[in-house]
There are 2 protein chains.
Amino acid sequence: MATANTNSPMRSVHRAFEVLKVLELAQQPLRLTDLAQRTGLHVATTQRLVNVLTEHGYASRHANGYTAGPAALSTAHAFATTSPLRLVARPVLEEIATASGLTASLYVRVQDNRVLIDRVEGGQRPHYSLPIGERLPLYPGAAGKVFLACDPGHDLDATARRLQPVTLANGTVLDATAIRTDLEDAREHGFAVSADERQFGTTAIAAPITDAAGRTLGSLGLSGATHSLRDVQSTALPADVRRAAHTIGARVPAAG
Amino acid sequence: MATANTNSPMRSVHRAFEVLKVLELAQQPLRLTDLAQRTGLHVATTQRLVNVLTEHGYASRHANGYTAGPAALSTAHAFATTSPLRLVARPVLEEIATASGLTASLYVRVQDNRVLIDRVEGGQRPHYSLPIGERLPLYPGAAGKVFLACDPGHDLDATARRLQPVTLANGTVLDATAIRTDLEDAREHGFAVSADERQFGTTAIAAPITDAAGRTLGSLGLSGATHSLRDVQSTALPADVRRAAHTIGARVPAAG
DNA sequence: CCATCCTTTATCACTCTATGATAGCTCAAA
DNA sequence: TTTGAGCTATCATAGAGTGATAAAGGATGG
């Protein structure tokens, strides 16, 4: 968390969100000192910021430190009920999940991560974990790749070098060349595939959701067990996913 | 949204969260101008703030305006998985919901609102709406009252005057005296009851969750259909709710 | 009961950031 | 092209944010 140390406009506000991000990524309550350390901010500064966060409910104070706060739930609830992309995508997710019997997931990009904003299980057993809101990296995983690959005017070479090396869940280690080839494939075909990349035993196909202006709004993923998805590339699924993603993009109110 | 206009420390950070709150409360995308109007801030100031929010993913820009952003989902996810209160309360909610066949809800206070942070349905039909994260007022409703009534050293009289008049879902209008009596009752008995107050047809009992130091950490509510909950006060339910709330409070790591 | 430690909060002068009025830009629609 | 609405950039000034330091609060152990 070395950013936000530079002098810049709205520095304190940026810093506030840096603190919030650290709280979010921590899997446990953090002491003020830890927060200061991880953000790279002075303790006094951190304390002023976290107090504001707490006052507004975005941080919460406990016996053993601070965590994210309940106000985030409210904001998330508001997002879930007002986001045009999410609202428009919902029925499409349901349709493709039902038709395929697979899990349909909707991601959006937030800085250098993707966030799962909706999911529909096509299979019979609904997962009991509720991963909506999970923040995942952009690279391993089909749904993340499309953000990198389908970002127009984006230098895949530089991206590949920045990401390398990447270790997949199946043990494979990818160097810059492998990553670039992978991303080029995705860009060329308009969809990405991953098998046992982020999660062993899971295979996914994903396609970008773009608006009329070509901006990438999100990523639609369809995932299932690897053993039942051998040679997905030669099935109709990629085309289905692309079509669904296109449908969503077309239904989102034209961007300004 | 007339606050945050005063000069004060961390003004810009406070203002950022004011903007976020307006986005959250809006049921639709808001234009920059609307945001500025509702926050009472200058357009230029609003635009700088909302840009920072957008950059960090807490706001989202669409064709017809800004909404809350996807990062809130991540933070909410983090809150849900790390909040000691929520984690400790979960099994208790399940137990009391199962035992009573009613809906158990966990609220925490955020400024002058309560936020639903967890809910377990005891009945057979699970609601399909997912109201977790909903921001509700403190006064009408059992679970909100306890925050007002059980706040130690809190002037009920002043609170009652500040809140009046309140119109309940059943049409009753409460003046300051009625509100104060209601809150006094709750304080005396250690639990609050509401019948058709916020939502017609729903009756609820709630008790405060307090830590060893007497601080109110949250509110445990048990709700069901009014017609099946006549004379709840003379049943064992209030005691059950109080006991459950006490159990939760006792299991939360001692506050600092 | 006191002493010690750890964590959090208050204080304060200086610098640099946030502010807001204005002007300029972008993009549709007329 | 002109018009308009919405958003962004510019800039001087004021005053908020910063961080070093010190103090206060609370727990723990002797």
Side-chain angles (χ1 to χ4, degrees), chain A residues 1 3-20 22-23 26 28-56 59-67 69 211-215 253-256, chain B residues 1 3-20 22-23 26 28-56 59-67 211-215 252-256:
Chain A
M1 206 60 52
T3 56
N5 272 329
T6 61
N7 296 8
S8 71
M10 308 309 278
R11 182 164 63 151
S12 58
V13 182
H14 278 286
R15 286 176 162 185
F17 286 107
E18 293 284 335
V19 171
L20 189 48
V22 168
L23 283 178
Q28 53 177 331
L30 292 182
R31 311 242 63 141
L32 179 58
T33 314
D34 303 325
L35 262 179
Q37 208 158 16
R38 300 200 189 189
T39 51
L41 300 173
H42 193 270
V43 192
T45 305
T46 310
Q47 110 99 337
R48 283 189 294 260
L49 292 173
V50 78
N51 276 355
V52 178
L53 290 175
T54 304
E55 186 180 334
H56 290 267
S60 207
R61 192 177 172 175
H62 311 277
N64 24 329
Y66 298 90
T67 65
D211 65 5
R215 268 172 300 220
Chain B
M1 205 61 52
T3 58
N5 274 328
T6 61
N7 295 8
S8 71
M10 307 311 279
R11 182 165 62 151
S12 57
V13 183
H14 277 286
R15 286 176 162 185
F17 286 107
E18 292 285 334
V19 171
L20 189 49
V22 168
L23 284 178
Q28 52 178 333
L30 291 182
R31 311 241 64 142
L32 180 57
T33 314
D34 303 325
L35 263 180
Q37 208 158 18
R38 300 199 190 190
T39 52
L41 298 174
H42 193 268
V43 192
T45 305
T46 310
Q47 110 101 334
R48 283 189 293 260
L49 291 173
V50 78
N51 276 356
V52 177
L53 289 174
T54 304
E55 186 179 333
H56 290 267
S60 207
R61 191 177 174 176
H62 311 277
N64 25 330
Y66 298 90
T67 66
D211 66 5
R215 269 171 299 219
V252 172

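- For Q47(A) and dA20(D), the CD to P distance is 15 Å, given to the nearest whole Å.
- Under the side chain to side chain donor-acceptor pair (under 3.5 Å) criterion, S12(B) pairs with S12(A), not counting sequence neighbours.
- Interatomic distance, CZ of R48(A) versus NE2 of H42(A), reported as 9.0 Å (0.5 Å rounding).
- Closest-nucleotide positions on DNA chain C for V50(A) and S12(A) were compared, and the one nearer the 5' end corresponds to V50(A).
- With sequence neighbours excluded, the residues that form a ring-ring contact (aromatic ring centres under 6.0 Å, His included) with F17(A) are F17(B), H56(B), Y58(B).
- Defined by atom type and a distance below 3.5 Å, a donor-acceptor pair is missing between the side-chain atoms of N51(B) and E55(B).
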Dump every N/O contact between nucleotides 21-26 of chain C and the protein below 3.5 Å, one line per pair.
unit_1, atom_1, unit_2, atom_2, d
dA21(C), OP2, H42(B), NE2, 3.2

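- When the side-chain nitrogen and oxygen atoms of R15(B) are compared with OP1 and OP2 of dA16(D), none of them lie within a distance under 4.0 Å.
- When each of Y66(A) and V13(A) is assigned the nucleotide of DNA chain C bearing its nearest heavy atom, the one mapping closer to the 5' terminus is Y66(A).
- R11(A) has its CZ atom 12 Å from the C1' atom of dA18(C), to the nearest Å.
- Between its two ends, the helix from dC1(C)-dG30(D) to dA30(C)-dT1(D) turns its axis by 50°, counting five pairs per end and rounding to 10 degrees.
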Find every protein N or O atom lying less than 3.5 Å from an N or O atom of nucleotides 3-6 of chain D, and list the pairs.
none

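- The two atoms that bring R15(B) and T45(B) nearest to each other are NH1-CG2, 3.9 Å, heavy atoms only.
- The side-chain heavy atoms of V252(B) and D211(B), taken from C-beta on, include no pair separated by under 4.5 Å.
- Under the side chain to side chain donor-acceptor pair (under 3.5 Å) criterion, T67(B) pairs with H62(B), not counting sequence neighbours.
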